[in-house]
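All remarks here apply to the structure that follows.
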Amino acid sequence: QVQLVESGGGLVQAGESLRLSCAASGRTFGVYAMGWFRQAPGKEREFVAVINRSGGTTSYAETVKGRFTISRDNAKNTGYLQMNSLKPEDTAVYYCALSGILTAPWAQRSYAYWGQGTQVTVSS
């Protein structure tokens with residue numbers, strides 16, 4: 001029943017930053033864990049980060065740890081991904097997703113709701 005819309009993607013140079021947003025419809029956003037995934041051309045979709053329902057616990061892929069920060073504002077029904085020190089290899093379509101059960105937060109199968117994605121392109 002939840003609709004998700006990502007925004008904030010764009011074209012930046014290596015070393016710059018972007019902040020992605022994930023706006024959720026409905027009033028049940030706070031009951032779901034939220035994850036970010038990305039998919040580059042010719043590659044499979046991969047896990048980026050996840051945050052639990054209250055925002056107190058986060059986990060990141062090793063490739064983005066220390067550079068990306070996931071957060072959420074349940075009062076605004078919105079999640080975020082702050083991306084710093086961007087690299088060309090970060091270029092991909094970024095998707096937000098919601099999960100009611102986090103048995104494997106790095107796995108796509110754990111997420112029931114997905115947005116349409118937002119393009120992030122990092123030039124060198």
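Position 1 is the first residue of the sequence, and the numbers go up from there. Here the structure is a predicted model, which is why all the values come from computation and not from measurement.
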Would you name the heavy atoms of [X] and [Y] that are closest together and state the gap between them?
X: Pro88; Y: Ala14; result: CD-CB, 4.1 Å
X: Val48; Y: Phe68; result: CG1-CD2, 3.8 Å
X: Ala49; Y: Leu81; result: CB-CD1, 4.4 Å
X: Val64; Y: Arg38; result: CG1-NH1, 3.9 Å

Exercise for review: May I ask you to decide if Ala104's main-chain N or O and Ser110's side chain share a donor-acceptor pair within less than 3.5 Å?
Suggested key: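 Checked: pair present.
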
Review point. Just by modelled atom types, is the Cys96 backbone N or O under 3.5 Å from a matching donor or acceptor in the Glu6 side chain?
Key: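 Side chain of Glu6 to backbone of Cys96: a pair is present.
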
Review point. On the ring face of Phe29, is Arg72 found with NZ or CZ under 6.0 Å from the centre and within 45° of the axis?
Key: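 So Arg72 does make the cation-pi contact.
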
Practice item. Could you tell me whether Arg19 sits above the aromatic face of Tyr80, with NZ or CZ closer than 6.0 angstrom to the six-membered ring centre and within 45 degrees of the axis? Key: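 Satisfied, under 6.0 Å and within 45°.
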
Practice item. State the OH-OG distance between Tyr94 and Ser7, to the nearest 0.5 angstrom. Key: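 So the OH of Tyr94 and the OG of Ser7 are separated by 15.0 Å.
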
Exercise for review: Please determine, by modelled atom types, if Ser17 and Asn84 share a side-chain donor-acceptor pair under 3.5 angstrom.
Suggested key: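 Distance-only check passes for Ser17 and Asn84.
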
Point to revise | Pair Phe47 + Phe37: ring centers closer than 6.0 Å | key: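 Yes.
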
Exercise for review: Indicate, with yes or no, if the rings of Tyr32 and Tyr113 have centres closer together than 6.0 Å.
Suggested key: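 Between Tyr113 and Tyr32, which both carry aromatic rings, the centre distance is below 6.0 Å.
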
